[in-house]
Structure formats: structure tokens, C-alpha cells
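Since this is a predicted model, take the numbers as computed values, not measurements. Here, residue 1 is the first one in the sequence, and each next residue gets the next number.
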Amino acid sequence: MKLDQILPAPIGYGGAPLGNMFRAIPDDEALAAVRTAWDNGIRYYDTAPFYGSGLSEIRVGEALAEQPRDEYVLSTKVGRVILDEMEDPSARDLGEKGNLFKYGRQNKMVHEWTAEATERSIEDSLRRLKTDRLDIVWVHDVAQDFHGDVWLQKFEEARTGAFRVLSRLRGEGVIRAWGLGVNRTEPIELTLALDEPQPDGFLLAGRYSLLDHEHALQRLLPVAEEQGLGMVVGGPYSSGILAGGSTFEYVPAPAEIIERVKRIRVVCDKFGVGIKAAALQFSLANPVAKAVIPGATSPGHSAEDVAALQEDIPAEFWAALRSARLVSPLAPLPSGA
């Protein structure tokens, strides 16, 4: 099923921060963030076992248990099985992502995309999320940023395991759609070239933002559009730097990124445009993009995100960004500039 037939609106809720990304978030603050998102009309929620070793799923499940299941869309991911055995979160090998969830639960994570692990992962997610069904399941992080030179081996494990299980579950009506949830374009490109049953779309995090979109425009999105696939845009604020934070790609932003953000802010200030509004509306202007899912831990963030998506941005602003070479000449813009 196509993503635009499933997703209720162009904005959803990204649950990664609820896994105690970067900091230990009190339970009441995390639950209030989800409940406030609901109060602001958000009806699509994305999470994953990876986020805090199941912590994000537990929190999303607790908050959404208060709501009618038919009134929201829920997606999670496969690729990590969470065990009862404990481990030191700071000792985990997460590739380029380092100690991203060192404040999450200490439950050991096993990285596995086999058929058996996929089925177990889904069963465990249903339990943590307190639900009887999932709408979308993403195959998580079979990419170089986590696995270095052996990422193709992980991809092959997913192709012969998770892909086939999820295709079967989709055919049986157990899930409505599946795809890849990654931070790199290459695994999606490989998947779209396969002759096997195809995904329904993909979640691409960080690779279609104001700060990083050229590669996706050249290599991935034309093929996805040709095949009629939709994209959920994760990380539209580039892990924080476009929302007033200091991180890019989950680490302190390098000098060149900080300078680029300063240049974007100059244009924003000139036209009275919020940088969060520019970031969200840019990502959604591509016809392949069907939803954007900024993360939020503060209860006030979701209201800001909804308002940013509705902010009126003049065509002259986008033309100025284009003129300053702050967006690719290939990128579709909301005004058509």
C-alpha cells in the first residue's frame, strides 16, 4: 500500500529522543511530549527498539494506550532484538553513532535481520507498544554508518530475512506496508533495483534536509518517484542544528555546518521566516516526501512543529536561498522558485 494512503497527515512524531537520546529524560516529561503531540493533532508515531533498548517503544505505547487504536498510524523497526540480559550502553559498538543512547535502558541489543529475529522483534515491539498491530515496519540501519565495510553483508541478511518476512506479513494483511529506515541512501538504492517483492516506501533520516540533500536528489529520489514510492523524512532538523541545537549527525556540528546554518539564518531573518518552518517545508516540497517526523521531548515542541509547517513563507525567500546556493538547483521548492 502506498504511504500516502496510510499516513494521515504530512507531519508525524519521531520517537528517537524518547529513548533518552543525548540525555536522561524523566518519564513524565517523555509521556507529556507524546500526549501534547496528540493534542496538537499529530496522528502518526514512529519509534524503534534501537531507541534506548526499547525505552522509546515503551513510552510511546504507554502514552498511546489512552487513545483509540484506529485513530493513529504506528511504525516501528526491525534489526535489533532486545534481551533481558544487561550490558553497559556506553560499551556498545554503534559505528558512527557512538554513545547515542548511553542514557537508555541497559538491556542488551542483538543486531540481527534474519527471518527469525524479525518475527521475534515484531512480537516484542507489539508487547512494548501495548498494541495488537503495526501499520508500517521499517528495516533499520542496514547501512555503512553503523556497519562500516561489512554493511553489505548485513544488507544481504536483511534481503533474505527481514524483507521476505515483511513481504509475507504484508500479503497476509498483518502489516500495511514495509520499507527501509536508514541514514544513508545506498541501501534504499540497492533495494529499489531488486526484482523481489518491493517495499512500499522508505524512511530516510538526515539525507533530505536543508543541510544535506544533493546526493538523494541525484541518486535516489528520481528512481523512487519513477517507481511510485513515498518517503518519510526523518531528521528534518539535522539532529538539532536547524532547531536551535548544536548537533549535526548526532555529534557536535563542525565549523562548516555552523557557518552554513548562519547563512541560512541570515536569509530567514531578512524575510522574517522561522528556520524550523524553512526546514520542514523544504523537506516536504519534494513530491516523493509524504511526511516529516521531527522528534520532540519537550511538550512544547510539537506545537512549534505544527505551527512551522503552517507558516506562510514568501516565494522570494526560497528564491533567495536558491540564489545564495544554499539549496540545490535540483531541489523542488514550495513556491516553485
Side-chain angles (χ1 to χ4, degrees), residues 1-3 6 46-51 75-83 92-97 109-126 134-208 215-216 218-235 288 290:
M1 183 179 292
K2 293 183 181 296
L3 292 186
I6 299 174
D46 175 76
T47 182
F50 176 57
Y51 304 153
S75 64
T76 191
K77 305 176 182 74
V78 295
R80 274 82 175 212
V81 176
I82 311 301
L83 307 181
R92 293 171 180 149
D93 182 6
L94 300 180
E96 297 175 8
K97 299 302 181 287
M109 287 192 298
V110 177
H111 306 260
E112 189 174 337
W113 293 263
T114 63
E116 181 180 2
T118 298
E119 294 190 9
R120 176 175 174 180
S121 180
I122 290 174
E123 291 174 2
D124 290 347
S125 290
L126 289 171
L134 301 169
D135 297 292
I136 307 170
V137 177
W138 307 112
V139 180
H140 207 189
D141 289 335
V142 280
Q144 189 173 21
D145 56 331
F146 275 93
H147 308 294
D149 293 339
V150 300
W151 79 269
L152 285 170
Q153 297 176 27
K154 305 297 184 182
F155 178 87
E156 183 63 12
E157 182 179 293
R159 185 189 70 82
T160 57
F163 288 15
R164 293 176 182 176
V165 169
L166 296 176
S167 293
R168 173 175 58 78
L169 293 178
R170 178 183 60 189
E172 294 172 353
V174 176
I175 63 175
R176 300 169 70 185
W178 72 273
L180 271 69
V182 290
N183 301 281
R184 294 290 183 268
T185 65
E186 290 82 3
I188 305 172
E189 294 170 35
L190 282 179
T191 303
L192 299 190
L194 295 175
D195 292 330
E196 296 185 19
Q198 291 292 294
D200 302 280
F202 52 92
L203 194 169
L204 182 61
R207 300 283 76 77
Y208 201 72
H215 185 81
Q218 292 180 359
R219 296 280 299 271
L220 171 62
L221 297 184
V223 177
E225 186 173 12
E226 181 180 324
Q227 294 190 14
L229 297 182
M231 169 177 62
V232 172
V233 179
V288 178
K290 305 304 178 185

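For Glu172, the salt bridge (charged side-chain N to carboxylate O under 4.0 Å, His left out) test picks out Arg168, with sequence neighbours left out. For Glu186, the salt bridge (charged side-chain N to carboxylate O under 4.0 Å, His left out) test picks out no residue, with sequence neighbours left out. For the side-chain contact (heavy atoms from CB on, under 4.5 Å) test, residues two or more places apart in sequence or in another chain that qualify with Leu126 are Ile122, Thr131, Leu134. By the side-chain hydrogen bond (donor to acceptor under 3.5 Å, both in side chains) test, Lys290 pairs with no residue at all, sequence neighbours left out. Checked against ring pair (Phe, Tyr, Trp, His ring centres under 6.0 Å), Trp178 has the following partners two or more places apart in sequence or in another chain: Phe163. A search for side-chain hydrogen bond (donor to acceptor under 3.5 Å, both in side chains) contacts involving Gln218 returns Glu214, not counting sequence neighbours. Residues passing the side-chain hydrogen bond (donor to acceptor under 3.5 Å, both in side chains) test with Ser125, sequence neighbours excluded: Glu57. The salt bridge (charged side-chain N to carboxylate O under 4.0 Å, His left out) test applied to Asp135 returns Arg69, Arg176, not counting sequence neighbours. Taking Arg164 as the reference, Glu196 meet the salt bridge (charged side-chain N to carboxylate O under 4.0 Å, His left out) condition, with sequence neighbours excluded. For Arg80, the side-chain hydrogen bond (donor to acceptor under 3.5 Å, both in side chains) partners are His111, His140, Asp141, not counting sequence neighbours.
Counting heavy atoms from C-beta outward, Ile136 and Asp200 have side chains that stay 4.5 Å or more apart. At least one side-chain heavy atom of Tyr208 sits less than 4.5 Å from a side-chain heavy atom of Leu221. Annotation: side chain of Asp124 is not in contact with side chain of Pro49 (no heavy-atom distance under 4.5 Å).
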**Request:** Under the side chain to side chain donor-acceptor pair (under 3.5 Å) rule, what do Glu112 and Thr114 come out as? Steps first, then yes or no, please.
**Result:** CA-CA 6 Å; Glu112 189 174 337; Thr114 63; 2.7 Å; yes

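Note that OG of Ser121 and CH2 of Trp113 are 10.5 Å apart. Values are rounded to the nearest 0.5 Å. Atoms CD1 and OG1, on Ile175 and Thr76 in that order, are 11.5 Å from each other to the nearest 0.5 Å. In this structure, the separation between CG on Leu180 and OG1 on Thr185 is 11.5 Å, given to the nearest 0.5 Å. One finds the CE atom of Met231 at 8.5 Å from the CD1 atom of Ile188 (value rounded to the nearest 0.5 Å).
Applying the side chain to side chain donor-acceptor pair (under 3.5 Å) test to every pair with at least one member in residues 145-158, sequence neighbours left out, gives these pairs: Lys97-Asp145, Asp145-Asn183, Glu156-Arg159.
A 6.0 Å sphere centred on CD of Glu189 holds more than 12 heavy atoms belonging to other residues, nucleotides or ligands.
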